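These numbers come from a predicted model, not from an experiment. Note that ligands are numbered from 1 as they come in the structure, with each ligand's atoms numbered from 1 the same way. In this chain, residues are counted from 1 in sequence order.
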Amino acid sequence: MPQFTNVKVSKVSEQTSLFEEALKPLKRAANIVNLEPDVVEVLSNPEQMLIVSIPVKMDDGRIKVFTGYRVRHNTSRGPAKGGIRYHPGVCLDEVKSLAFWMSVKNGVVGVPFGGGKGGITCNPKKMSEGELERLTRGFAARIAKFVGLDQDIPAPDVGTTAQIMGWFTDEYCKIVGKIVPGVITAKPLSIGGSKGRGTATGRGAFFATLEAAKTFNIPLKGARVSIQGYGNVARPIARDLYEMGCKIVAVSDSTGGAYNPKGMHPIELTKFKTRTRSVKGFPGSKEITTIDPITVDCDILIPAALENQITKKNANNVKAKLIIEEANGPTTPEADKILHERGTIVVPDVLANAGGVTVSYFEWVQNRMGYYWSDEEVDEKLKQAIHKAFKAVYQNAQQYQVDSSKAPQQSLMDLRTAAYVTAIKKIVDAMRALGRI
Ligand code: NAD
């Protein structure tokens, strides 16, 4: 039987720092809306956390034991929803932070879900397809009682793919003895995936960029774009911005980076990375490091890799006027403060990358109906959802503006706090309606 725990993890553990940092904007927003400290305490603790051991027979015949996690942060607005990450850095503290951000994100974009997240500490790049399949099936078997269509709905994240979602679905359906495609989202189309899900996070971030450019008068034609992390979420926005007339001047991945002030073609970059497994060495570019895209000369910066990339050490060197956070948690609270004081507009992760969960919600709805929408319908509904969420966040930023004597970007409340205010009000309303607080 898997071990269920809903106890608070000790703060003396060396792994609590990311979660502690993740709670800072919640505390800021809570002060603004005068939320009672007891309610903040409830929101500062995930509802449930499950840790499992997964023994996997490796190709060489050895058994290796992996650790997997699934955390439900808050389910007052609906079933928990959030991806599964396969990465060597996965730990309970990270999964708790990611689950918490999902509660906020789902509140910001208004999908009827709570927040959840999962992950396995592993290096998928060093595993064969067979090993990955056995790992995924083992994980699905161990968390099958914890997830479900009306309970907790996983999806991909860093290091996981549509194929991994397919294996997970198959194993889950065998265990429960039913066909339940909606237990997971971002599945392959052939087993109930939604049109547009593969590019949804990037597409949503693109719509958020259009909203920000219009709101803050930032011209997109000719704008220089720098992207850290050229993976699933980065490629679609690179293509869409390129088609709007932007120049992709810098990109990086975990192996290194490429810089060309004249611009690089996003499709060619994708082909090059598929062939060589790296963006490093892209023809015509100068080699840069994985972190350089954060500080190169550009107009729009898109962190699209991992958390804690913009810190107090490099925030003063960020040249971009606009940051679109495709990654979860790429900016530390200290860096956030520096950026706001310098007038840099940060469209926070909980809004900028909410396109993925929005189309996951559409997929879940389609699975429940057994009726499927066209690419155009999905894209239009996504555009409307991001437009509505951006407008609500911006209205809060204006309503709670900090100093009307300063330039517009500095007098507004930062968009992250405004987004947290938007989400917290909804989560707390739901908790009160359920009588949980
Ligand atoms: P991915 O694995 O497809 O891509 C991540 C990319 O980042 C890869 O190219 C990898 O090489 C690169 N990378 C890793 N470490 C790096 C480093 N130190 N410096 C530079 N590049 C580095 O993952 P993804 O699905 O594109 O997710 C990226 C981010 O977006 C994550 O923070 C994830 O939580 C977030 N996100 C993903 C989704 C989704 O739908 N996949 C939705 C919302 C948010």
Quiz item: Who passes salt bridge (charged side-chain N to carboxylate O under 4.0 Å, His left out) against Lys426, sequence neighbours left out?
Solution: none
Quiz item: Within 45° of the six-membered ring axis of Phe146 and under 6.0 Å from that ring's centre, is NZ or CZ of Arg72 located there?
Solution: yes
Quiz item: What residues, two or more places apart in sequence or in another chain, satisfy side chain to side chain contact (heavy atoms under 4.5 Å, CB included) together with Ala320?
Solution: Cys298, Leu301, Val318
Quiz item: So which protein residues pack against ligand 1 under 4.0 Å, heavy atoms counted?
Solution: Arg85, Lys105, Asp157, Val158, Gly159, Arg197, Thr201, Gln228, Gly229, Tyr230, Gly231, Asn232, Val233, Ser252, Asp253, Ser254, Lys273, Thr290, Ala304, Ala305, Leu306, Glu326, Ala327, Asn328, Asn353
Quiz prompt | Close aromatic pair by centroid cut-off 6.0 Å: Tyr86 and Phe66 | solution = no
Quiz prompt | Centroid-centroid under 6.0 Å between His387 and Phe207 rings | solution = no
Practice problem: With sequence neighbours left out, write down each residue that passes salt bridge (charged side-chain N to carboxylate O under 4.0 Å, His left out) with Asp429, or none if nothing qualifies. | Solution: none
